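Read through the structure below, which is laid out as structure tokens, and then see the notes.
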Number of protein chains: 4
Amino acid sequence: MNARSPEALVRDTGRRNEAVILNAALEAFGTRGFNGASMRDVAKGAGTSLSNLYNYFPSKSKLLAAVLRHANDELQHRVLRAVEEAGDDAPSQLREAVRAHVGFVVDHQVATLVATNEVRYLEPDDRTALVSHRDATQATFERIIDQGAADGAFRTPYARDAARAILSAVAAIASWYRRDGALSRGQLAEQYARYALALLEGPLPR
Amino acid sequence: MNARSPEALVRDTGRRNEAVILNAALEAFGTRGFNGASMRDVAKGAGTSLSNLYNYFPSKSKLLAAVLRHANDELQHRVLRAVEEAGDDAPSQLREAVRAHVGFVVDHQVATLVATNEVRYLEPDDRTALVSHRDATQATFERIIDQGAADGAFRTPYARDAARAILSAVAAIASWYRRDGALSRGQLAEQYARYALALLEGPLPR
Amino acid sequence: MNARSPEALVRDTGRRNEAVILNAALEAFGTRGFNGASMRDVAKGAGTSLSNLYNYFPSKSKLLAAVLRHANDELQHRVLRAVEEAGDDAPSQLREAVRAHVGFVVDHQVATLVATNEVRYLEPDDRTALVSHRDATQATFERIIDQGAADGAFRTPYARDAARAILSAVAAIASWYRRDGALSRGQLAEQYARYALALLEGPLPR
Amino acid sequence: MNARSPEALVRDTGRRNEAVILNAALEAFGTRGFNGASMRDVAKGAGTSLSNLYNYFPSKSKLLAAVLRHANDELQHRVLRAVEEAGDDAPSQLREAVRAHVGFVVDHQVATLVATNEVRYLEPDDRTALVSHRDATQATFERIIDQGAADGAFRTPYARDAARAILSAVAAIASWYRRDGALSRGQLAEQYARYALALLEGPLPR
DNA sequence: CATGAATGAGACTTCATTCAT
DNA sequence: AATGAATGAAGTCTCATTCAT
């Protein structure tokens, strides 16, 4: 298990300062909220001038859009890869998908918080785009759950809406988890994977 | 089934316009976020002048604090009453507690959203006060779960942290539920009550 | 020597709360300046309601005018009485006039400060009235100096303008004197009386 | 006799509009007092936008602090140079120091008024800094007086406190002098120099 | 005489954004 | 790609004053 440096969501992008700015924006939006954070805050965090920000992003709103796109990409990438590497049966796939999701939330708490709390401040077009992107991730979970319900592995009568419940609980981890607390990253993933399977009334270990 | 007028969180308070202002603030903070909403928005919503707001609340932040306190009081009241009226066994109590909580979230979607998203903008003291108030509600769920775990009704190995997962999922309902959608208030409550029991690996109906 | 309770400029006035309000206004204007002090400050200091202030004074500006009139009356009264009780010669009269003025400044430091710093904020009419009132006090000093210059007691070639210099220095005492400092009220009066006589190039004790 | 353009206290500072703003602030604070003058007034006087003021000074209070610092610097500079160019004996030095001080007051009446009346509105730290700066100027006078008292030139028994009295009278000139009145700049300086020497009971011309 | 509620104007300050260099 | 200076709009909050009771 590679120890990811926790909150550097964006690693590099061809343009000199883009990653620095994106990470500073993430930090600022996370700490003070989109409307509470100013472009000056972002500039200060990125160690550049206020006006230079506009050489990279045409507006504060587009900057938020870029941050959120990066976060979503990373989440989707992790979940898809986890599902690919899992077995063929729905319970295994769900288990790995949840574990991957929890991993992302823990590695990128701030990004997760920003992604859930600040989407509403996007301009309508960007918002639509992002939501459909996010729905794609949710759809991965729904597909697995549908399959498990169909082949009898998940016996809950409410399979249709269970994905939302599970994903909500997982995302909420970002709002209370402390890296120096009692639960390790791995224990947490394990725990939530079991919660998910139990909620679906599926097969549990032991 | 009593049809509660949906979003009038505060009913009356003795001071002439206080309830009107609080409800307008709730609406404004819910629609545009704490930092996105202006005191002018609140005044307009309350049908009073901007400056008159300050005869009731000394600052925007204190106004938010008051809104959140009212929301929390109502939630806590509902949950406690539900538990009192339930049977003695943990599963019944949990079931009723969840149903009551879901009911609150549906009746007061906006208040629920504001309560989860905007607490961070309180001044430290008010934040601390509110969080401890909120923890009291969570403690009700934890007590029930502990009891159920002790007497063998809930068999999950992770009883300790399950309350958080359940409450997160319930609160998140506020972010997607549409009153004119497929699920009725009652069906939703039923559904989440079962999710909760299943997650705890407790006894399910049927 | 009667020990005057220091800063209660106004003692009583037929109307129930007038003196309390005037003294509170003096305190407020002295502490924060006319424009820095609010009618709310005055009300709080007077222990009454904001709106009640307007039952006594029609505007903030008129309130200031009333305060300043009281201060000037008291000063003028003290100086005139001192001169009356002094001997017939100019040096004695000047000496007693200065001593009385210093006494007022020490007893009413705040009033002196307000009188010198805040007159400018009066409405033109009130300002004119007050200035002419004040000039009457200054005229008392000028009369004495003229007489002393005429009969050869004061030998300065600049008798014409000396009153202004002397009175400026005396009024400025209000800006630095501390009741708990090294100089007593009496020593200070003695000292400034000698400064005045020396400046006029008049006869000095010893 | 060089005709100094009267009230342009600040001449240049390296930053584009800083001097213009400082002079406009001086004018505004002088005319209407610190609390009576608005930042809009200052902006209008400086011919720039309200918000641009904040690119130069972080707050109204810091703007006042800057104005006062410039005024003090100029005063101190003038007094020190005058003393340097005077003879070695205390009376000559005092005479020149007073003449220089009077010259400053006449050339910068508004600055003098602001310096005496508005210091109180500085934030505590700036106030402390400024007061100690101002005390340095006063100390120059005290040093001369001490020396003159030691070598017998000034025979007043109250040498210790005389500087305050003299400087108060000189500063007060700013509140009544009119450039178009009877006294010329030079006559006034001459007059106050004699007042000072006489007050100290020192040697007088003629 | 006394008050609580109300208000329009205006205070300081910050904002996202643009422009000339 | 980078910056300092500039700006109009808007933010929160306070003000002196009025009015109904």
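Note that the structure is predicted; figures quoted are calculated from it, not measured. Chain identifiers are assigned alphabetically (A, B, ...) following the order of the sequence lines, protein sequences preceding nucleic acid strands; residue numbering begins at 1 within each chain. All values below were derived from every heavy atom in this structure, side-chain atoms included, with hydrogens, water molecules and symmetry-related copies excluded.
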Those residues that, when tested against C:Lys44, pass salt bridge (charged side-chain N to carboxylate O under 4.0 Å, His left out) (two or more places apart):
none

Would one find more than 12 heavy atoms of other residues, nucleotides or ligands at under 6.0 Å from atom CZ of D:Arg16?
no

Checking B:Phe34 now: which residues fulfil ring pair (Phe, Tyr, Trp, His ring centres under 6.0 Å) with it, not counting sequence neighbours?
B:Phe29, B:Tyr121

For B:Ala174, what residues pass the side-chain contact (heavy atoms from CB on, under 4.5 Å) criterion, not counting sequence neighbours?
B:Val105, B:Gln109, B:Thr112, B:Leu113

Note: contacts of residues 51-69 of chain A with DNA chain E (heavy atom, under 4.0 Å) are A:Ser51, A:Tyr54, A:Ser59, A:Lys60

Distance col, row A:Leu53:CG vs A:Leu63:CG, nearest 0.5 angstrom, shows 6.5 Å

In chain order, what residues pass the salt bridge (charged side-chain N to carboxylate O under 4.0 Å, His left out) check against A:Arg32, with sequence neighbours excluded?
A:Asp41

Can you sort out which residues in residues 30-38 of chain C have a heavy atom within less than 4.0 Å of DNA chain F? Ascending by number, please.
C:Ala37, C:Ser38

Among all residues two or more places apart in sequence or in another chain, which pass the salt bridge (charged side-chain N to carboxylate O under 4.0 Å, His left out) test with A:Glu118?
B:Arg120

Just checking A:Arg15: base, sugar-phosphate only, or nothing, at a heavy-atom cut-off of under 4.0 Å?
sugar-phosphate

Got a sec, which residues hit side-chain contact (heavy atoms from CB on, under 4.5 Å) with A:Thr31, two or more places apart in sequence or on another chain?
A:Glu27

Contact between B:Leu22 and B:Tyr56 at the side-chain level, heavy atoms closer than 4.5 Å - yes or no?
no

Please determine which of A:Val10, A:Val110, A:Val67, A:Val42 meets the side-chain contact (heavy atoms from CB on, under 4.5 Å) test together with A:Asn23.
A:Val10

The criterion is side-chain hydrogen bond (donor to acceptor under 3.5 Å, both in side chains); which residues satisfy it with D:Asn55, sequence neighbours excluded?
D:Asn52

Between atom CD1 of B:Ile21 and atom CG of B:Leu26, what is the distance when rounded to the nearest 0.5 Å?
13.5 Å

Answer with base, sugar-phosphate or nothing: what part of the nucleic acid does C:Arg16 contact at a heavy-atom distance below 4.0 Å?
sugar-phosphate

Applying side-chain contact (heavy atoms from CB on, under 4.5 Å), name anything that partners B:Asp73, two or more places apart in sequence or on another chain.
B:Arg69, B:His133

Using Watson-Crick pairs (N1 to N3, plus N6-O4 or O6-N4) and G-U wobble pairs, both distances under 3.5 Å, which stems of at least 3 pairs involve DNA chain F?
E:2-21 with F:2-21

On DNA chain F, reading 5' to 3', which nucleotide is the first and which the last to sit with an atom under 4.0 Å from a heavy atom of chain D, could you check?
F:dA5 to F:dG8

Which sits closer to the 5' end of DNA chain F, D:Gly47 or A:Gly47, going by the nucleotide each is nearest to?
A:Gly47

With nearest nucleotides of DNA chain E determined for C:Ser49 and D:Met39 from heavy-atom distances, which residue corresponds to the more 5′ nucleotide?
C:Ser49

Please report, rounded to the nearest Å, how far the P atom of E:dG10 is from the CZ atom of D:Arg40.
9 Å

